[in-house]
Peer 1: 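One structure is given below, represented as structure tokens, and several questions about it will come after.
Sequence positions, counted from 1, serve as the residue numbers for this chain.
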Amino acid sequence: MDRLSVFVAQALRVAGVREDVAEAVTAGLIQASVRGVDSHGVRLLPHYLEGVRGGRINPNPQYQFERTSPSTGRLDADHTFGHAAGREAARHAVLLAREAGSGWVAVENSSHFGAAAFFALEIAAQDMIGMSLTNTDALVKTYGGTRPFLGNNPICVAVPCEGEEPFCLDMATSVVSFNKIRQLRESGQQAEPGWGADRQGRETTDPHAVTSLLPIGGYKGYGLSLMVEILCSLLTGMAYGPQIPKMFEAPLSEHRRLGHWIMALRIDCFQEIGAFKTRMSQLLNELRREPRADPEVPVQVAGDPEKRCARERLVQGIPLSSAELEAFSQLAQAYRVPWAWGPIEPTVGAGKR
């Protein structure tokens with residue numbers, strides 16, 4: 001295990017996080033950073049530790065799983081880290097799918113689960129199609145309105161493929177995440193047009209003025225957000241929209257009560273798995289060989305940028321900004337965890353599920 005993984009895991013354990021929970025959080029954060037999803041990677045560690053200290057996040061959850069039919073179940077995550085809750089739900093979804101052909105698990109009483117790909121890729125590693133969804137606090141501007149109501153509710157689907165890492169579509173229903181806006185504020189960069197709106201509902205490129213995110217595809221992204229809200233809020237019995245405490249602004253003593261939706265589907269109930277994975281590879285590679293509109297820009301499929309980033313970072317390491325290095329240095333002092341300045345080299349295989 002590399003130095004950054006060790007640092008993250010040790011900080012969590014010193015904070016009183018149970019071993020299996022700490023392992024899940026560490027794996028989820030490292031995988032996100034290795035795949036280039038920095039907005040949901042290791043940079044969030046200080047915030048999560050504040051959540052543990054404040055009482056928002058339960059470091060020692062007592063999970064309660066109820067099987068409600070041959071293929072469905074409910075998991076009460078006891079307000080722990082979403083990374084651990086989602087991994088536990090994915091485990092149950094796979095077990096249900098092995099028996100019933102598909103497994104559907106609704107997660108209640110959870111918290112921010114990071115990058116949705118973490119759970120879908122875990123399921124894809126079992127030669128199943130994995131899907132993971134979550135609700136978030138009100139972030140996306142209501143179509144035709146002036147303020148946010150629904151979250152940017154991410155959707156992820158991962159499909160095993162012969163000869164390469166699984167196909168992985170991991171997308172929010174907004175153009176970017178609010179963590180990306182926070183990164184721009186920290187770095188002093190402007191947002192791209194079409195990313196966010198101000199308090200009056202007007203588009204703005206000033207990240208400090210952004211109070212709501214714009215949905216992808218206009219009303220279509222708005223509709224997708226509502227679809228995820230129904231699955232992750234109503235079917236789990238959790239809060240929705242403005243009722244959900246803000247991730248950063250709400251008191252850290254307040255549980256967020258987020259809901260997730262995790263699904264596993266057995267491919268071999270429909271097609272022989274080897275033939276399916278071979279055809280999946282053929283499909284993706286045929287798409288990549290399509291004529292380019294710009295000779296310098298390759299035709300890609302969902303997940304290709306993350307796969308390329310993972311290959312690079314597994315060799316070169318995970319880049320950390322000066323602000324992140326300073327934050328980790330302060331954590332090291334506060335939690336008495338060893339931390340040494342230097343290149344961060346991720347574990348070989350990190351990000352591969």
Side-chain angles (χ1 to χ4, degrees), residues 39-40 44 47 51 54 56-57 74-77 79-82 85-86 89 104-116 119 131-156 170-182 191 194-204 207 209-263:
S39 59
H40 289 62
L44 291 177
H47 173 74
R56 169 183 288 178
I57 300 175
R74 298 175 59 185
L75 175 69
D76 186 330
H79 306 290
T80 195
F81 288 88
W104 307 77
V105 178
V107 182
E108 58 192 64
N109 293 321
S110 188
S111 61
H112 187 253
F113 78 1
F119 318 104
M131 179 180 291
S132 55
L133 318 171
T134 187
N135 60 5
T136 72
D137 51 275
L139 294 169
V140 175
K141 188 175 84 71
T142 301
Y143 188 73
T146 62
R147 63 182 185 178
F149 186 99
L150 300 170
N152 64 337
N153 303 349
I155 302 168
C156 182
D170 185 359
M171 53 169 270
T173 51
S174 58
V175 180
V176 295
S177 71
F178 216 95
N179 279 329
K180 178 64 175 179
I181 299 298
R182 289 182 173 274
W195 283 10
D198 62 17
R199 292 188 183 279
Q200 287 72 44
R202 300 173 300 197
E203 287 192 31
T204 178
V210 171
T211 58
S212 62
L213 303 172
L214 297 179
I216 57 171
Y219 68 89
K220 296 182 180 180
Y222 171 61
L224 283 173
S225 292
L226 181 54
M227 180 272 292
V228 176
E229 199 81 47
I230 292 167
L231 293 174
C232 294
S233 297
L234 300 188
L235 278 184
T236 62
M238 296 293 97
Y240 60 79
Q243 300 173 6
I244 300 172
K246 290 285 187 182
M247 181 172 177
F248 294 99
E249 293 83 358
L252 288 171
S253 59
E254 188 175 2
H255 293 313
R256 297 191 70 210
R257 299 184 67 241
L258 294 182
H260 316 314
W261 186 257
I262 309 292
M263 183 274 286

Peer 1: Consider only side-chain N and O atoms of N152 and T136, and report whether a donor and an acceptor are under 3.5 Å apart.
Peer 2: yes
Peer 1: Suppose we screen for salt bridge (Lys or Arg N to Asp or Glu O under 4.0 Å). Which residues come up paired with R74, at least two apart in sequence or across chains?
Peer 2: E108
Peer 1: Quick one: are I181 and V176 in side-chain contact, heavy atoms under 4.5 Å?
Peer 2: yes
Peer 1: At what distance, to the nearest 0.5 angstrom, does CD of Q243 lie from CZ of R257?
Peer 2: 9.0 Å
Peer 1: Given side chains that start at C-beta, do those of M227 and I155 come closer than 4.5 Å, heavy atoms only?
Peer 2: yes
Peer 1: Verify the distance criterion only: is there a donor paired with an acceptor across the side chains of N135 and S233 at less than 3.5 Å?
Peer 2: yes
Peer 1: More than 12 non-hydrogen atoms from neighbouring residues, nucleotides or ligands closer than 6.0 Å to CZ on F149, yes or no?
Peer 2: yes
Peer 1: Side chains of H255 and N109, heavy atoms from C-beta outward: is any pair under 4.5 Å?
Peer 2: no
Peer 1: Using the side chain to side chain donor-acceptor pair (under 3.5 Å) criterion, which residues pair with D170? Sequence neighbours excluded.
Peer 2: none
Peer 1: With a 4.5 Å heavy-atom cut-off, do D137 and E249 have their side chains touching?
Peer 2: no
Peer 1: Under a 4.5 Å cut-off applied to non-hydrogen side-chain atoms, are L139 and K246 in contact?
Peer 2: yes
Peer 1: Taking atom CH2 of W104 as the centre, report whether more than 12 heavy atoms of other residues, nucleotides or ligands fall under 6.0 Å from it.
Peer 2: no
